[in-house]
Colleague: 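Please find one structure pasted underneath; my questions will follow.
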There are 2 protein chains.
Amino acid sequence: MATMINPNRKRLKPDERRADMLAKACEVLLEDGIGALTLRHLAARLGVVPGLVNHYFPEIEALAAEAFAAIAESEVTALFDAALAEPTPTAQITRLIVDLLEPHRRGVSLLWLDAWQASRNRAQLRGAVITAMDLWQDRLSTLIANGGFATPDPAASATRILALIDGLSIQAVIDEPDAPGHAILRGMVITGVERELGIALGLV
Amino acid sequence: MATMINPNRKRLKPDERRADMLAKACEVLLEDGIGALTLRHLAARLGVVPGLVNHYFPEIEALAAEAFAAIAESEVTALFDAALAEPTPTAQITRLIVDLLEPHRRGVSLLWLDAWQASRNRAQLRGAVITAMDLWQDRLSTLIANGGFATPDPAASATRILALIDGLSIQAVIDEPDAPGHAILRGMVITGVERELGIALGLV
DNA sequence: CGCTCTATTGGCCAAATGATCAATTGCCTT
DNA sequence: AAGGCAATTGATCATTTGGCCAATAGAGCG
């Protein structure tokens with residue numbers, strides 16, 4: 001039970017240490033949820049004393065917000081970079097939806113759900129959540145608008161498609177990944193997008 | 001800061017006291033969220049000592065689960081009772097959707113989101129959530145099946161409609177009730193139901 | 001009216017949390 | 001190589017949490 005004293009005491013430059021903490025905080029968020037991001041838990045994971053975390057992040061809520069923002073922005077960037085690498089607008093949308101339906105995303109869905117709920121009592125986290133949602137909205141609206149799809153209002157279409165995916169996310173969180181309801185909702189997202197944009201995604 | 005000593009000490013019968021606690025626990029869940037349901041918070045609200053709560057609910061998680069179950073079941077019962085009072089199947093569905101889109105439901109949506117997230121770490125609450133979801137699924141499936149709508153699979157239609165409403169709930173939680181996105185999602189739920197069941201709800 | 005039963009109290013514990021601060025010790029500069 | 005700056009430690013605080021238990025006192029029964 002005694003606290004492990006770290007013999008490998010390393011003195012990092014402030015930037016490195018801060019980046020290390022942020023990275024480890026992201027891991028904690030994805031693996032154990034926002035509630036598990038405590039000073040001591042994170043410090044133990046870093047092999048460091050709790051007070052040091054406080055030194056770089058005077059209030060842990062700021063760290064939680066920054067870590068969530070990093071994860072969310074990273075995911076958006078990765079998904080849209082991959083999508084935009086496709087040649088045609090339809091292929092871009094298809095790629096995006098396929099990636100979004102990937103079971104691998106379950107962890108991120110859990111985090112989003114966690115963030116949605118926790119943001120009720122945490123102002124900074126709430127700001128990060130709203131920013132991330134706006135980013136999603138902007139990127140998808142742009143993708144749709146630039147694609148020249150048969151929709152009268154790209155922004156509204158983006159909103160609806162994102163809501164579909166949100167609903168799917170909740171199911172993914174509650175049910176097991178291979179539950180029957182999952183396939184049903186998968187189909188609903190696909191046909192919803194097809195109807196919204198007037199295209200055929202060519203997915204099963 | 002001194003603890004208020006209650007001069008109005010009343011001795012209730014076990015059933016009454018337990019029911020009182022459960023009722024107050026429901027209020028706390030709806031007003032302040034699951035995280036606010038603590039021994040001391042609830043005890044203060046009851047004008048009672050924390051230990052007494054423990055006497056009736058040896059572990060507070062059981063109380064949280066029971067309170068959530070009570071709220072969820074009560075809501076389902078109220079909504080479907082009101083819906084079934086309508087004369088025609090289409091009117092029944094319309095009534096249900098209208099009630100579900102009521103801004104008043106925001107508090108319940110918050111609670112559901114809270115429960116979805118918290119159920120990750122609370123086994124009993126998770127059980128209550130799953131039970132409540134199944135109840136929703138059963139009631140709506142039955143309503144659709146008995147209505148003779150033009151859908152090949154009433155259960156699947158119910159699943160899809162519920163997912164639409166879940167997505168809407170998240171928006172209701174994050175955005176303000178009068179945000180522009182809200183009207184968009186309202187419309188999506190309505191047209192989604194209309195397409196799913198092959199009817200016209202006659203809503204704006 | 002008085003007695004008994006038990007609902008209720010008040011006090012306590014151990015654990016975990018965020019936060020602060022002087023003291024130390026490692027790295028960089030000169 | 002030596003000194004100084006600051007990254008890091010270790011210790012401590014105030015709070016809050018769930019839970020336990022002996023003592024008390026209220027309500028109903030005889």
Side-chain angles (χ1 to χ4, degrees), chain A residues 1-25 28-29 32-67 114 118 121-125, chain B residues 1-25 28-29 32-67 114 118 121-125:
Chain A
M1 272 320 200
T3 303
M4 280 276 280
I5 297 178
N6 181 12
N8 307 348
R9 188 180 191 168
K10 279 288 169 56
R11 188 193 187 92
L12 299 185
K13 288 196 282 189
D15 298 343
E16 298 172 345
R17 180 62 80 188
R18 214 190 110 95
D20 192 17
M21 284 184 176
L22 188 59
K24 286 289 194 303
V28 172
L29 287 197
D32 305 317
I34 297 176
L37 186 64
T38 67
L39 284 178
R40 286 164 182 77
H41 188 192
L42 181 60
R45 199 175 185 123
L46 286 161
V48 140
V49 132
L52 189 59
V53 177
N54 246 251
H55 178 68
Y56 286 96
F57 297 89
E59 42 189 332
I60 204 169
E61 181 181 337
L63 174 56
E66 194 171 336
D114 204 346
N121 300 321
R122 307 203 206 188
Q124 302 187 44
L125 181 62
Chain B
M1 272 319 198
T3 302
M4 279 274 281
I5 296 180
N6 182 13
N8 306 350
R9 188 182 194 168
K10 280 288 169 62
R11 188 193 186 91
L12 299 186
K13 287 194 282 189
D15 297 343
E16 298 171 348
R17 180 62 80 188
R18 212 190 113 95
D20 192 18
M21 284 184 177
L22 188 58
K24 286 288 194 304
V28 172
L29 287 197
D32 304 318
I34 297 176
L37 186 64
T38 67
L39 284 179
R40 286 161 182 79
H41 188 194
L42 181 60
R45 200 175 185 123
L46 287 161
V48 140
V49 134
L52 190 58
V53 177
N54 244 289
H55 177 67
Y56 286 95
F57 296 90
E59 40 189 331
I60 204 170
E61 182 183 335
L63 175 55
E66 194 171 338
D114 204 345
N121 300 322
R122 307 202 205 187
Q124 303 187 42
L125 181 61

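Below, chain A is the first sequence line, B the second, and so on; all start at residue 1.
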Colleague: Roughly how far, to the nearest 0.5 Å, is the CG atom of B:Leu63 from the CZ atom of B:Arg18?
Modeller: 8.0 Å
Colleague: Need one value for A:Arg40: base, sugar-phosphate or nothing, where a base atom within 4.0 Å counts as base even if backbone is also close, heavy atoms only.
Modeller: base
Colleague: Looking at every strand, decide which applies to A:Pro14 at a 4.0 Å heavy-atom threshold: base, sugar-phosphate, or nothing.
Modeller: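 It contacts sugar-phosphate atoms only.
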Colleague: Which atom names give the shortest non-hydrogen contact between A:Leu125 and A:Glu61, and what distance separates them?
Modeller: N-OE2, 3.8 Å
Colleague: Nearest whole Å is fine: how far is C:dT6 P from B:Asp15 CG?
Modeller: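 Checked: the CG to P distance equals 14 Å.
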Colleague: To the nearest Å, how far apart are B:Asn121 CG and C:dA16 P?
Modeller: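 Roughly 15 Å, once rounded to whole Å.
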Colleague: Where the side chain of B:Val49 is defined as all heavy atoms beyond and including C-beta, which of D:dT8, C:dT9, D:dG18 is the nearest nucleotide?
Modeller: C:dT9
Colleague: Rounded to whole angstrom units, what separation is found between the CE atom of B:Met21 and the P atom of C:dA7?
Modeller: 11 Å
Colleague: For the residue pair A:Leu42 and A:Ile60, establish whether any side-chain heavy-atom pair is separated by less than 4.5 Å.
Modeller: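 Answer no - side chains too far apart.
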Colleague: Run the salt bridge (charged side-chain N to carboxylate O under 4.0 Å, His left out) test on B:Lys10 and B:Glu16 for me, step by step, so that the C-alpha distance in whole Å, both residues' side-chain angles and the decisive distance to 0.1 Å come before the verdict.
Modeller: CA-CA 11 Å; B:Lys10 280 288 169 62; B:Glu16 298 171 348; over 6 Å; no
Colleague: Starting at atom NZ of B:Lys13, determine the distance to atom C1' of D:dC29, rounded to an integer number of angstrom.
Modeller: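 Rounding to the nearest Å, NZ of B:Lys13 and C1' of D:dC29 are 14 Å apart.
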Colleague: Between A:Glu59 and A:Gln124, is any pair of side-chain heavy atoms under 4.5 Å apart?
Modeller: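 A side-chain contact exists here, since the closest heavy-atom pair is under 4.5 Å.
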Colleague: Return whichever of B:Leu12 or B:His41 has its heavy-atom-nearest nucleotide of DNA chain D closer to the 5' end.
Modeller: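 Nearest nucleotide further toward 5': that of B:His41.
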Colleague: Tell me: CG of A:Leu42 to C1' of C:dA16, nearest whole Å?
Modeller: 16 Å
Colleague: Checking only heavy atoms, does the side chain of B:Arg17 share a donor-acceptor pair with the base of C:dA7 at less than 3.5 Å?
Modeller: no
Colleague: Between atom CZ of A:Phe57 and atom CG of A:Leu22, what is the distance when rounded to the nearest 0.5 Å?
Modeller: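 Between atom CZ of A:Phe57 and atom CG of A:Leu22 there are 5.5 Å.
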Colleague: In residues 52-61 of chain A, which residues come under 4.0 Å of DNA chain C by heavy atom?
Modeller: A:Asn54, A:Pro58, A:Glu59, A:Ile60
Colleague: Within this structure, what is the CZ-to-P distance between A:Arg18 and D:dA6, rounded to whole angstrom?
Modeller: 18 Å
Colleague: Which nucleotide wins on minimum distance to the side chain of B:Leu39, given the candidates D:dG18, C:dT8, C:dT25?
Modeller: D:dG18
Colleague: Once you round to the nearest 0.5 Å, how far does CE of B:Met21 lie from CG of B:Leu52?
Modeller: 4.0 Å
